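One structure below.
This is a predicted model, so every value here is computed, not measured.
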Amino acid sequence: MSSIKGGRTMATTAGSRSDTRFFGHPLGLMTLFGTELWERFSYYGMRAILLYFITDTLANGGLGLDRSTGVAVTSIYGASVYLLSVVGGWLADRVIGARRATLYGGLVIALGHVLLALPGGAGPAFAGIIAVAIGTGLLKPNVSSMVGELYARDDNRRDGGFAIFYMGINLGSFFSPIIVGAVRSAAGYHAGFLVAAIGMAFALVFFILGRKVLHGAGDVVGNPITADERPALVRAGLAILGLVLLAVGASAVVQSVRADGAAFGTSGIVDAISYLAFAAPIGYFLVMLRSPKVTAPERSRVLAYIPLFIAAMLFWMINEQAASSLAAFAEDRTVLTFLGFTIQPEFFQSVNPAIIIVGAPIMAGVWMRLGDRGPTVAHKFGIGLALAASSFVLLSVLTASFGDAKVPAWVLVLTYAVQTVGELFLSPVGLAATTLLAPRAFRSQAMALWFLAPAAGQAITAQLVSATENLAESYVPYFGTVGGVTLGLAGLFFLVAPWIQRRITEGEDETPEPAAH
(Lines give C-alpha, C1' and ligand atoms only; values in the text may rest on other atoms or scores of the structure.)
Protein backbone atom coordinates (compact mmCIF):
# COMPACT_ATOMS: atom_id res chain seq x y z
CA MET A 1 0.00 0.00 0.00
CA SER A 2 2.77 2.44 0.86
CA SER A 3 4.45 1.98 -2.53
CA ILE A 4 1.19 2.70 -4.32
CA LYS A 5 0.66 5.77 -2.19
CA GLY A 6 4.20 6.97 -2.82
CA GLY A 7 3.92 6.38 -6.56
CA ARG A 8 0.70 8.34 -6.79
CA THR A 9 2.15 11.18 -4.74
CA MET A 10 5.20 11.40 -7.01
CA ALA A 11 2.99 11.36 -10.10
CA THR A 12 0.76 14.05 -8.65
CA THR A 13 3.57 16.47 -7.80
CA ALA A 14 5.51 15.75 -11.00
CA GLY A 15 2.44 16.46 -13.13
CA SER A 16 1.60 19.61 -11.18
CA ARG A 17 5.16 20.97 -11.27
CA SER A 18 5.14 21.10 -15.07
CA ASP A 19 1.60 22.49 -15.23
CA THR A 20 1.53 26.30 -15.47
CA ARG A 21 -1.75 26.79 -17.34
CA PHE A 22 -3.58 28.83 -14.66
CA PHE A 23 -1.62 32.08 -14.25
CA GLY A 24 1.57 30.07 -13.82
CA HIS A 25 -0.10 27.55 -11.51
CA PRO A 26 -1.50 24.05 -12.09
CA LEU A 27 -4.83 24.05 -13.91
CA GLY A 28 -6.19 22.02 -11.00
CA LEU A 29 -6.03 25.21 -8.95
CA MET A 30 -8.70 26.68 -11.24
CA THR A 31 -10.91 23.67 -10.48
CA LEU A 32 -10.51 24.09 -6.72
CA PHE A 33 -10.75 27.90 -6.95
CA GLY A 34 -14.10 27.62 -8.77
CA THR A 35 -15.35 24.88 -6.45
CA GLU A 36 -14.58 26.88 -3.33
CA LEU A 37 -15.86 30.17 -4.76
CA TRP A 38 -19.29 28.71 -5.54
CA GLU A 39 -19.46 26.57 -2.39
CA ARG A 40 -18.72 29.64 -0.26
CA PHE A 41 -21.30 31.56 -2.34
CA SER A 42 -23.90 28.96 -1.41
CA TYR A 43 -22.83 28.73 2.26
CA TYR A 44 -22.68 32.47 2.98
CA GLY A 45 -25.79 33.15 0.92
CA MET A 46 -27.76 30.62 2.95
CA ARG A 47 -26.23 31.89 6.20
CA ALA A 48 -27.07 35.51 5.32
CA ILE A 49 -30.83 34.86 5.38
CA LEU A 50 -30.96 31.95 7.84
CA LEU A 51 -31.74 34.00 10.96
CA TYR A 52 -34.43 36.01 9.18
CA PHE A 53 -36.02 32.78 7.90
CA ILE A 54 -36.01 31.17 11.35
CA THR A 55 -37.50 34.20 13.11
CA ASP A 56 -39.91 35.60 10.52
CA THR A 57 -43.61 34.85 10.87
CA LEU A 58 -45.24 31.82 9.32
CA ALA A 59 -47.34 34.16 7.20
CA ASN A 60 -44.18 35.58 5.65
CA GLY A 61 -42.72 32.13 4.96
CA GLY A 62 -40.55 31.92 8.09
CA LEU A 63 -40.53 29.44 10.96
CA GLY A 64 -41.87 31.82 13.62
CA LEU A 65 -39.23 31.32 16.36
CA ASP A 66 -38.50 34.20 18.73
CA ARG A 67 -35.42 36.36 18.16
CA SER A 68 -33.26 34.97 20.98
CA THR A 69 -33.94 31.36 20.02
CA GLY A 70 -33.25 32.13 16.37
CA VAL A 71 -29.89 33.72 17.19
CA ALA A 72 -28.99 30.75 19.40
CA VAL A 73 -29.92 28.26 16.66
CA THR A 74 -27.92 30.20 14.05
CA SER A 75 -24.89 30.27 16.36
CA ILE A 76 -25.08 26.59 17.19
CA TYR A 77 -25.42 25.81 13.47
CA GLY A 78 -22.07 27.56 12.94
CA ALA A 79 -20.55 25.63 15.84
CA SER A 80 -21.81 22.36 14.33
CA VAL A 81 -20.12 23.11 11.00
CA TYR A 82 -16.74 23.48 12.70
CA LEU A 83 -17.26 20.41 14.90
CA LEU A 84 -18.16 18.35 11.85
CA SER A 85 -15.11 19.69 9.99
CA VAL A 86 -12.99 17.71 12.45
CA VAL A 87 -14.91 14.57 11.52
CA GLY A 88 -14.66 15.39 7.81
CA GLY A 89 -10.89 15.81 8.01
CA TRP A 90 -10.50 12.52 9.88
CA LEU A 91 -12.67 10.61 7.39
CA ALA A 92 -10.60 11.97 4.50
CA ASP A 93 -7.28 11.10 6.17
CA ARG A 94 -8.26 7.65 7.32
CA VAL A 95 -11.15 6.31 5.19
CA ILE A 96 -12.24 7.93 1.91
CA GLY A 97 -9.63 10.48 0.83
CA ALA A 98 -10.01 14.24 0.36
CA ARG A 99 -11.47 14.13 -3.17
CA ARG A 100 -14.33 11.79 -2.33
CA ALA A 101 -14.98 13.61 0.97
CA THR A 102 -15.28 16.86 -0.98
CA LEU A 103 -17.57 15.30 -3.58
CA TYR A 104 -19.85 13.62 -1.03
CA GLY A 105 -19.92 16.79 1.05
CA GLY A 106 -20.93 18.87 -1.97
CA LEU A 107 -23.76 16.49 -2.82
CA VAL A 108 -25.09 16.58 0.76
CA ILE A 109 -24.87 20.40 0.79
CA ALA A 110 -26.82 20.57 -2.47
CA LEU A 111 -29.49 18.30 -0.99
CA GLY A 112 -29.72 20.56 2.06
CA HIS A 113 -30.19 23.69 -0.04
CA VAL A 114 -32.87 21.96 -2.12
CA LEU A 115 -34.74 21.00 1.07
CA LEU A 116 -34.58 24.63 2.23
CA ALA A 117 -35.76 25.84 -1.17
CA LEU A 118 -38.90 23.68 -1.01
CA PRO A 119 -41.83 25.07 1.02
CA GLY A 120 -42.74 22.45 3.61
CA GLY A 121 -42.52 23.86 7.10
CA ALA A 122 -40.09 23.26 9.92
CA GLY A 123 -39.37 19.57 9.23
CA PRO A 124 -37.76 19.87 5.78
CA ALA A 125 -36.18 23.20 6.77
CA PHE A 126 -34.32 21.79 9.78
CA ALA A 127 -33.41 18.68 7.76
CA GLY A 128 -31.91 21.00 5.15
CA ILE A 129 -29.97 22.97 7.78
CA ILE A 130 -28.55 19.72 9.22
CA ALA A 131 -27.63 18.46 5.73
CA VAL A 132 -25.76 21.68 4.90
CA ALA A 133 -23.87 21.42 8.21
CA ILE A 134 -22.88 17.79 7.59
CA GLY A 135 -21.90 18.43 3.97
CA THR A 136 -19.87 21.52 4.85
CA GLY A 137 -18.07 19.54 7.55
CA LEU A 138 -17.04 17.00 4.89
CA LEU A 139 -16.05 19.57 2.27
CA LYS A 140 -14.58 22.49 4.23
CA PRO A 141 -11.25 21.04 5.46
CA ASN A 142 -10.56 18.91 2.40
CA VAL A 143 -10.67 21.36 -0.49
CA SER A 144 -7.83 23.30 1.16
CA SER A 145 -5.78 20.13 1.68
CA MET A 146 -6.16 19.30 -2.03
CA VAL A 147 -4.71 22.70 -2.94
CA GLY A 148 -1.64 21.76 -0.93
CA GLU A 149 -1.36 18.45 -2.78
CA LEU A 150 -1.02 20.26 -6.12
CA TYR A 151 2.45 21.45 -5.10
CA ALA A 152 5.63 19.65 -4.10
CA ARG A 153 6.99 20.69 -0.71
CA ASP A 154 9.79 22.68 -2.37
CA ASP A 155 7.53 24.32 -5.01
CA ASN A 156 7.83 28.06 -4.44
CA ARG A 157 4.41 28.62 -6.06
CA ARG A 158 2.61 27.15 -3.03
CA ASP A 159 2.03 30.40 -1.11
CA GLY A 160 0.84 32.17 -4.25
CA GLY A 161 -1.52 29.29 -5.02
CA PHE A 162 -3.14 29.54 -1.61
CA ALA A 163 -3.43 33.32 -2.00
CA ILE A 164 -5.36 32.81 -5.25
CA PHE A 165 -7.49 30.10 -3.62
CA TYR A 166 -8.41 32.28 -0.64
CA MET A 167 -9.36 35.07 -3.03
CA GLY A 168 -12.02 32.67 -4.35
CA ILE A 169 -13.33 32.19 -0.81
CA ASN A 170 -13.73 35.90 -0.26
CA LEU A 171 -15.19 36.63 -3.69
CA GLY A 172 -17.89 34.03 -3.11
CA SER A 173 -18.67 35.27 0.39
CA PHE A 174 -18.72 38.91 -0.79
CA PHE A 175 -21.26 38.57 -3.59
CA SER A 176 -23.60 35.99 -2.06
CA PRO A 177 -25.23 38.04 0.76
CA ILE A 178 -25.96 40.85 -1.72
CA ILE A 179 -27.45 38.59 -4.40
CA VAL A 180 -29.30 36.19 -2.11
CA GLY A 181 -30.57 39.09 -0.01
CA ALA A 182 -31.96 40.84 -3.09
CA VAL A 183 -33.66 37.65 -4.27
CA ARG A 184 -35.08 37.01 -0.80
CA SER A 185 -36.52 40.53 -0.72
CA ALA A 186 -38.09 40.17 -4.16
CA ALA A 187 -39.32 36.56 -4.11
CA GLY A 188 -39.12 35.19 -0.57
CA TYR A 189 -36.90 32.93 1.51
CA HIS A 190 -37.25 29.77 -0.56
CA ALA A 191 -36.17 31.65 -3.69
CA GLY A 192 -33.11 32.85 -1.77
CA PHE A 193 -32.26 29.31 -0.74
CA LEU A 194 -32.74 28.23 -4.37
CA VAL A 195 -30.04 30.72 -5.41
CA ALA A 196 -27.74 29.11 -2.82
CA ALA A 197 -28.62 25.68 -4.27
CA ILE A 198 -27.71 26.87 -7.77
CA GLY A 199 -24.38 28.14 -6.43
CA MET A 200 -23.65 24.70 -4.98
CA ALA A 201 -24.60 23.10 -8.30
CA PHE A 202 -21.99 25.28 -10.04
CA ALA A 203 -19.43 24.18 -7.42
CA LEU A 204 -20.15 20.51 -8.14
CA VAL A 205 -19.90 21.08 -11.90
CA PHE A 206 -16.49 22.73 -11.48
CA PHE A 207 -15.28 19.92 -9.25
CA ILE A 208 -16.54 16.96 -11.29
CA LEU A 209 -15.51 18.30 -14.71
CA GLY A 210 -12.10 19.36 -13.40
CA ARG A 211 -11.08 16.03 -11.88
CA LYS A 212 -8.64 15.17 -14.69
CA VAL A 213 -6.54 18.31 -14.11
CA LEU A 214 -6.16 17.65 -10.37
CA HIS A 215 -3.31 15.21 -11.14
CA GLY A 216 -4.69 12.73 -8.59
CA ALA A 217 -4.81 15.23 -5.71
CA GLY A 218 -7.05 13.91 -2.95
CA ASP A 219 -7.35 10.41 -4.41
CA VAL A 220 -5.11 8.67 -1.89
CA VAL A 221 -6.14 7.96 1.70
CA GLY A 222 -3.21 9.45 3.54
CA ASN A 223 -3.24 7.27 6.65
CA PRO A 224 -5.61 4.34 6.07
CA ILE A 225 -6.96 2.40 9.04
CA THR A 226 -5.09 -0.84 9.62
CA ALA A 227 -6.53 -4.06 11.02
CA ASP A 228 -4.50 -3.57 14.21
CA GLU A 229 -6.05 -0.15 14.78
CA ARG A 230 -9.67 -1.20 14.47
CA PRO A 231 -10.21 -2.32 18.10
CA ALA A 232 -8.81 0.99 19.39
CA LEU A 233 -11.00 2.91 16.95
CA VAL A 234 -14.07 1.00 18.10
CA ARG A 235 -13.25 1.94 21.69
CA ALA A 236 -12.71 5.58 20.66
CA GLY A 237 -16.02 5.56 18.79
CA LEU A 238 -17.82 4.21 21.83
CA ALA A 239 -16.16 6.85 23.99
CA ILE A 240 -17.31 9.60 21.62
CA LEU A 241 -20.82 8.14 21.57
CA GLY A 242 -20.78 8.13 25.35
CA LEU A 243 -19.68 11.78 25.34
CA VAL A 244 -22.54 12.69 23.00
CA LEU A 245 -25.06 10.86 25.19
CA LEU A 246 -23.60 12.55 28.27
CA ALA A 247 -24.00 15.97 26.61
CA VAL A 248 -27.59 15.18 25.67
CA GLY A 249 -28.29 13.92 29.20
CA ALA A 250 -26.75 17.00 30.78
CA SER A 251 -28.80 19.30 28.58
CA ALA A 252 -31.94 17.30 29.42
CA VAL A 253 -31.23 17.78 33.13
CA VAL A 254 -30.73 21.52 32.60
CA GLN A 255 -34.03 21.65 30.70
CA SER A 256 -35.88 19.83 33.47
CA VAL A 257 -34.78 22.24 36.20
CA ARG A 258 -35.41 25.45 34.28
CA ALA A 259 -38.12 27.65 35.69
CA ASP A 260 -40.28 27.39 32.60
CA GLY A 261 -40.18 23.61 32.72
CA ALA A 262 -39.62 23.47 28.95
CA ALA A 263 -39.44 20.07 27.33
CA PHE A 264 -36.26 18.90 25.63
CA GLY A 265 -36.50 20.61 22.25
CA THR A 266 -34.65 23.30 20.34
CA SER A 267 -32.99 24.74 23.44
CA GLY A 268 -31.99 21.24 24.57
CA ILE A 269 -30.26 20.61 21.25
CA VAL A 270 -28.50 23.98 21.50
CA ASP A 271 -27.25 23.05 24.98
CA ALA A 272 -26.10 19.56 23.94
CA ILE A 273 -24.06 20.82 20.98
CA SER A 274 -22.64 23.61 23.15
CA TYR A 275 -21.37 21.08 25.70
CA LEU A 276 -19.74 19.03 22.92
CA ALA A 277 -18.09 22.16 21.52
CA PHE A 278 -16.64 22.92 24.97
CA ALA A 279 -15.59 19.34 25.73
CA ALA A 280 -13.83 18.60 22.42
CA PRO A 281 -10.92 21.07 22.74
CA ILE A 282 -10.44 20.20 26.42
CA GLY A 283 -10.15 16.55 25.40
CA TYR A 284 -7.67 17.37 22.63
CA PHE A 285 -5.41 19.34 24.98
CA LEU A 286 -5.48 16.63 27.66
CA VAL A 287 -4.56 13.94 25.14
CA MET A 288 -1.64 15.99 23.81
CA LEU A 289 -0.32 16.95 27.24
CA ARG A 290 -0.49 13.36 28.54
CA SER A 291 0.84 11.63 25.44
CA PRO A 292 4.24 9.89 25.79
CA LYS A 293 4.91 10.86 22.15
CA VAL A 294 5.13 14.55 23.14
CA THR A 295 8.57 15.79 24.22
CA ALA A 296 9.13 18.23 27.09
CA PRO A 297 9.77 21.26 24.81
CA GLU A 298 6.71 20.32 22.75
CA ARG A 299 4.62 20.12 25.91
CA SER A 300 5.83 23.61 26.83
CA ARG A 301 4.66 24.92 23.46
CA VAL A 302 1.27 23.21 23.88
CA LEU A 303 0.88 25.05 27.19
CA ALA A 304 1.65 28.29 25.34
CA TYR A 305 -0.99 27.44 22.76
CA ILE A 306 -3.77 27.10 25.35
CA PRO A 307 -4.10 30.87 26.05
CA LEU A 308 -3.80 31.51 22.30
CA PHE A 309 -6.68 29.08 21.75
CA ILE A 310 -8.77 30.80 24.43
CA ALA A 311 -8.09 34.18 22.81
CA ALA A 312 -9.10 32.77 19.42
CA MET A 313 -12.24 31.26 20.93
CA LEU A 314 -13.25 34.64 22.39
CA PHE A 315 -12.40 36.40 19.14
CA TRP A 316 -14.58 34.06 17.05
CA MET A 317 -17.33 34.33 19.67
CA ILE A 318 -17.63 37.98 18.59
CA ASN A 319 -16.61 37.77 14.94
CA GLU A 320 -18.98 34.92 14.05
CA GLN A 321 -22.00 36.87 15.33
CA ALA A 322 -22.20 38.42 11.86
CA ALA A 323 -24.96 35.98 10.93
CA SER A 324 -26.66 35.95 14.33
CA SER A 325 -26.90 38.91 16.74
CA LEU A 326 -25.46 41.45 14.26
CA ALA A 327 -27.83 40.20 11.55
CA ALA A 328 -30.71 40.70 14.00
CA PHE A 329 -29.42 44.19 14.85
CA ALA A 330 -29.23 45.04 11.14
CA GLU A 331 -32.92 44.28 10.70
CA ASP A 332 -34.20 45.62 14.05
CA ARG A 333 -32.15 48.73 14.82
CA THR A 334 -30.43 49.91 11.62
CA VAL A 335 -31.59 52.49 9.06
CA LEU A 336 -31.58 50.51 5.84
CA THR A 337 -30.74 53.38 3.52
CA PHE A 338 -27.22 54.29 2.48
CA LEU A 339 -26.23 57.21 0.19
CA GLY A 340 -29.86 57.48 -0.84
CA PHE A 341 -30.26 53.80 -1.71
CA THR A 342 -32.42 51.26 0.13
CA ILE A 343 -30.35 48.25 1.20
CA GLN A 344 -31.19 44.81 2.52
CA PRO A 345 -29.94 43.82 6.00
CA GLU A 346 -27.94 40.96 4.40
CA PHE A 347 -25.71 43.60 2.75
CA PHE A 348 -23.70 44.13 5.93
CA GLN A 349 -22.38 40.58 5.84
CA SER A 350 -20.45 41.49 2.67
CA VAL A 351 -18.39 44.11 4.52
CA ASN A 352 -16.02 41.54 6.07
CA PRO A 353 -14.93 39.77 2.84
CA ALA A 354 -14.66 43.11 1.00
CA ILE A 355 -12.18 44.43 3.58
CA ILE A 356 -10.26 41.15 3.63
CA ILE A 357 -9.87 41.19 -0.18
CA VAL A 358 -8.33 44.67 0.04
CA GLY A 359 -6.62 44.42 3.42
CA ALA A 360 -5.02 40.96 3.45
CA PRO A 361 -2.31 41.76 0.85
CA ILE A 362 -1.62 45.08 2.60
CA MET A 363 -1.27 43.41 5.99
CA ALA A 364 1.00 40.70 4.57
CA GLY A 365 3.21 43.42 3.08
CA VAL A 366 3.36 45.27 6.41
CA TRP A 367 4.52 42.14 8.27
CA MET A 368 7.17 41.45 5.62
CA ARG A 369 8.47 45.01 5.82
CA LEU A 370 8.54 45.06 9.64
CA GLY A 371 10.18 41.65 9.96
CA ASP A 372 11.46 41.09 13.51
CA ARG A 373 10.44 44.65 14.45
CA GLY A 374 6.75 43.74 14.27
CA PRO A 375 4.59 42.53 17.16
CA THR A 376 5.08 38.99 18.41
CA VAL A 377 2.62 36.18 17.76
CA ALA A 378 1.11 36.63 21.23
CA HIS A 379 0.74 40.38 20.82
CA LYS A 380 -0.91 39.98 17.41
CA PHE A 381 -3.46 37.69 19.06
CA GLY A 382 -4.02 40.26 21.81
CA ILE A 383 -4.50 43.10 19.33
CA GLY A 384 -6.96 41.04 17.27
CA LEU A 385 -8.98 40.14 20.37
CA ALA A 386 -8.96 43.74 21.65
CA LEU A 387 -10.21 45.05 18.30
CA ALA A 388 -13.04 42.51 18.19
CA ALA A 389 -14.08 43.41 21.75
CA SER A 390 -13.83 47.13 21.00
CA SER A 391 -16.19 46.72 18.03
CA PHE A 392 -18.96 45.57 20.39
CA VAL A 393 -18.24 48.32 22.92
CA LEU A 394 -18.30 50.87 20.10
CA LEU A 395 -21.60 49.48 18.76
CA SER A 396 -23.15 49.63 22.24
CA VAL A 397 -22.02 53.23 22.89
CA LEU A 398 -23.11 54.51 19.47
CA THR A 399 -26.47 52.72 19.70
CA ALA A 400 -27.10 54.22 23.14
CA SER A 401 -26.25 57.69 21.79
CA PHE A 402 -29.15 57.44 19.32
CA GLY A 403 -31.63 56.53 22.07
CA ASP A 404 -34.68 54.69 20.79
CA ALA A 405 -34.04 55.74 17.19
CA LYS A 406 -32.48 53.40 14.65
CA VAL A 407 -28.76 53.89 14.02
CA PRO A 408 -27.33 54.91 10.63
CA ALA A 409 -25.93 52.17 8.41
CA TRP A 410 -22.37 53.47 8.87
CA VAL A 411 -22.45 52.40 12.54
CA LEU A 412 -22.83 48.74 11.63
CA VAL A 413 -20.35 49.05 8.74
CA LEU A 414 -17.81 50.51 11.18
CA THR A 415 -18.46 47.66 13.63
CA TYR A 416 -17.76 45.05 10.95
CA ALA A 417 -14.69 46.99 9.76
CA VAL A 418 -13.09 47.06 13.22
CA GLN A 419 -13.76 43.33 13.65
CA THR A 420 -12.26 42.55 10.25
CA VAL A 421 -9.05 44.43 10.99
CA GLY A 422 -8.84 42.32 14.15
CA GLU A 423 -9.34 39.20 12.03
CA LEU A 424 -6.39 40.21 9.82
CA PHE A 425 -4.25 40.38 12.97
CA LEU A 426 -5.38 37.07 14.45
CA SER A 427 -6.66 34.59 11.87
CA PRO A 428 -3.67 34.08 9.51
CA VAL A 429 -1.28 34.27 12.47
CA GLY A 430 -3.38 31.65 14.27
CA LEU A 431 -3.09 29.22 11.36
CA ALA A 432 0.68 29.64 11.32
CA ALA A 433 0.95 29.36 15.12
CA THR A 434 -1.09 26.16 15.09
CA THR A 435 1.35 24.44 12.74
CA LEU A 436 4.34 25.92 14.60
CA LEU A 437 3.31 24.81 18.10
CA ALA A 438 1.76 21.43 17.32
CA PRO A 439 3.68 18.41 18.65
CA ARG A 440 5.22 16.33 15.87
CA ALA A 441 2.99 13.35 16.70
CA PHE A 442 -0.14 15.54 16.46
CA ARG A 443 0.78 17.67 13.44
CA SER A 444 -2.11 16.44 11.29
CA GLN A 445 -4.67 16.86 14.09
CA ALA A 446 -3.59 20.41 14.94
CA MET A 447 -5.85 21.97 12.31
CA ALA A 448 -8.79 20.09 13.79
CA LEU A 449 -8.00 21.79 17.11
CA TRP A 450 -7.91 25.19 15.39
CA PHE A 451 -11.38 24.54 13.92
CA LEU A 452 -12.65 23.92 17.46
CA ALA A 453 -11.93 27.54 18.49
CA PRO A 454 -14.78 29.02 16.41
CA ALA A 455 -16.97 26.06 17.36
CA ALA A 456 -16.53 26.78 21.06
CA GLY A 457 -16.83 30.53 20.48
CA GLN A 458 -20.19 30.19 18.75
CA ALA A 459 -21.35 27.81 21.47
CA ILE A 460 -20.63 30.59 23.99
CA THR A 461 -22.72 32.96 21.86
CA ALA A 462 -25.60 30.48 21.83
CA GLN A 463 -25.51 30.27 25.62
CA LEU A 464 -25.25 34.03 26.10
CA VAL A 465 -28.17 34.74 23.80
CA SER A 466 -30.28 31.98 25.37
CA ALA A 467 -29.75 33.67 28.75
CA THR A 468 -30.67 37.12 27.39
CA GLU A 469 -34.24 38.23 27.96
CA ASN A 470 -35.76 39.68 24.78
CA LEU A 471 -32.63 40.33 22.72
CA ALA A 472 -34.48 42.77 20.44
CA GLU A 473 -34.81 45.18 23.40
CA SER A 474 -31.41 44.44 24.97
CA TYR A 475 -28.86 45.23 22.26
CA VAL A 476 -27.09 48.01 24.18
CA PRO A 477 -26.46 46.01 27.40
CA TYR A 478 -25.81 42.80 25.44
CA PHE A 479 -23.12 44.22 23.13
CA GLY A 480 -21.71 46.42 25.89
CA THR A 481 -21.39 43.58 28.41
CA VAL A 482 -19.97 41.03 25.96
CA GLY A 483 -17.55 43.59 24.51
CA GLY A 484 -16.53 45.04 27.86
CA VAL A 485 -15.85 41.69 29.53
CA THR A 486 -13.92 40.47 26.48
CA LEU A 487 -11.90 43.69 26.40
CA GLY A 488 -10.96 43.09 30.04
CA LEU A 489 -9.88 39.54 29.18
CA ALA A 490 -7.81 40.94 26.31
CA GLY A 491 -6.03 43.13 28.87
CA LEU A 492 -5.24 40.06 30.97
CA PHE A 493 -4.00 38.31 27.84
CA PHE A 494 -1.47 41.09 27.23
CA LEU A 495 -0.16 40.54 30.76
CA VAL A 496 0.64 36.89 30.03
CA ALA A 497 1.83 37.55 26.44
CA PRO A 498 5.57 37.62 27.42
CA TRP A 499 5.18 34.22 29.14
CA ILE A 500 3.43 32.85 26.04
CA GLN A 501 6.17 34.13 23.74
CA ARG A 502 8.93 32.63 25.90
CA ARG A 503 7.28 29.22 25.72
CA ILE A 504 6.72 29.55 21.97
CA THR A 505 10.44 30.06 21.41
CA GLU A 506 11.55 27.52 24.02
CA GLY A 507 13.35 24.62 22.39
CA GLU A 508 13.12 26.06 18.86
CA ASP A 509 16.63 24.87 18.11
CA GLU A 510 16.07 21.34 19.32
CA THR A 511 16.32 18.53 16.79
CA PRO A 512 12.83 17.09 16.50
CA GLU A 513 12.50 13.52 17.58
CA PRO A 514 10.96 11.16 15.05
CA ALA A 515 7.29 10.58 15.65
CA ALA A 516 6.44 7.25 17.22
CA HIS A 517 4.55 4.79 15.07
Side-chain angles (χ1 to χ4, degrees), residues 36 38-54 63 65 69-92 101-118 122-144 169 172-173 176 180 189 192-193 196-197 199-200 203-204 240 244 247-248 251 265-278 280 316 320-324 327 349 448 451-462:
E36 185 71 351
W38 285 109
E39 186 276 329
R40 291 290 88 183
F41 177 95
S42 73
Y43 175 80
Y44 282 100
M46 175 261 199
R47 197 182 79 152
I49 64 174
L50 182 60
L51 173 70
Y52 306 135
F53 170 64
I54 291 173
L63 298 183
L65 275 68
T69 302
V71 171
V73 169
T74 306
S75 298
I76 216 63
Y77 161 74
S80 300
V81 167
Y82 285 102
L83 280 171
L84 290 166
S85 294
V86 176
V87 178
W90 184 88
L91 284 172
T102 300
L103 176 61
Y104 299 159
L107 292 171
V108 175
I109 292 170
L111 172 63
H113 287 312
V114 169
L115 288 171
L116 283 164
L118 296 174
F126 279 112
I129 292 170
I130 292 169
V132 173
I134 293 172
T136 305
L138 276 170
L139 185 146
K140 182 178 176 63
N142 294 310
V143 178
S144 298
I169 294 174
S173 56
S176 58
V180 173
Y189 293 105
F193 291 129
M200 194 61 233
L204 285 169
I240 292 172
V244 171
V248 172
S251 61
T266 302
S267 57
I269 295 171
V270 167
D271 286 346
I273 296 175
S274 297
Y275 301 153
L276 288 173
F278 299 143
W316 294 116
E320 288 287 346
Q321 293 193 43
S324 55
Q349 296 184 48
F451 278 134
L452 291 175
Q458 291 183 85
I460 294 173
T461 297

> Just how far is it from atom OG of S144 to atom CD1 of I169, taken to the nearest 0.5 Å?
Replying inline: 5.5 Å
> Roughly how far apart are R40 CZ and K140 NZ, rounded to 0.5 Å?
Replying inline: 4.5 Å
>> Less than 4.5 Å apart, side chain to side chain, heavy atoms only: is that true for L452 and V86?
In response: yes
> Got a donor-acceptor contact below 3.5 angstrom from the Y43 side chain to the G172 backbone?
Replying inline: no
>> Using the rule given for side chain to side chain contact (heavy atoms under 4.5 Å, CB included), can you reason through Q321 versus V71, listing the C-alpha separation, both sets of side-chain angles and the distance that settles it, and then say yes or no?
In response: CA-CA 9 Å; Q321 293 193 43; V71 171; 5.8 Å; no
> If you take all heavy atoms of Q458 and S75, which pair is closest and at what distance?
Replying inline: CB-O, 3.4 Å
> Among T74, L116, L65, which residue meets the side-chain contact (heavy atoms from CB on, under 4.5 Å) test with F53?
Replying inline: L116
> Roughly how far, to the nearest 0.5 Å, is the CG atom of L204 from the CD1 atom of I109?
Replying inline: 8.0 Å
>> Please find the pair of heavy atoms, one from I76 and one from A462, that lie closest to each other, and give the distance.
In response: CD1-CB, 4.0 Å
>> Does any part of the side chain of E39, heavy atoms only, come nearer than 4.5 Å to the side chain of L139, both counted from C-beta?
In response: yes
> Of the non-hydrogen atoms in A101 and N142, which two are nearest, and what is the gap between them?
Replying inline: CB-ND2, 3.4 Å
> At their closest point, which heavy atom of P124 faces which heavy atom of L115, and how far apart are they?
Replying inline: O-CB, 3.7 Å
> Between atom CG of L50 and atom CG of L63, what is the distance when rounded to the nearest 0.5 Å?
Replying inline: 8.5 Å
> Given the rule in the side chain to side chain contact (heavy atoms under 4.5 Å, CB included) test, do M46 and V180 qualify, once you have shown the distances and angles that lead to the verdict?
Replying inline: CA-CA 8 Å; M46 175 261 199; V180 173; over 6 Å; no
>> Can you tell me how the ring of F451 sits relative to the ring of Y82, calling it parallel under 30°, perpendicular over 60° and tilted otherwise?
In response: tilted
>> Tell me the closest heavy-atom pair linking A79 and A455, and the distance in Å.
In response: CB-O, 3.3 Å
>> So, taking the atom named CD1 in I49 and the one named CD1 in I54, what distance separates them when rounded to the nearest 0.5 Å?
In response: 10.5 Å
> Quick one: are L138 and T102 in side-chain contact, heavy atoms under 4.5 Å?
Replying inline: no
> Does the side chain to side chain contact (heavy atoms under 4.5 Å, CB included) test come out yes or no for F278 and S274, once each step is laid out?
Replying inline: CA-CA 6 Å; F278 299 143; S274 297; 4.2 Å; yes
> CG of L111 to CE of M200: how many Å apart, nearest 0.5 Å?
Replying inline: 12.0 Å
>> Main chain of A133, side chain of T136: is a donor-acceptor contact present, judged purely on distance under 3.5 Å?
In response: no
>> Testing the basics here: between S324 and L51, what is the closest heavy-atom pair and its distance to 0.1 Å?
In response: O-CD2, 3.1 Å
> Is the cationic atom of R47 (NZ for Lys, CZ for Arg) positioned less than 6.0 Å from the six-membered ring centroid of Y44 and within 45 degrees of its normal?
Replying inline: no
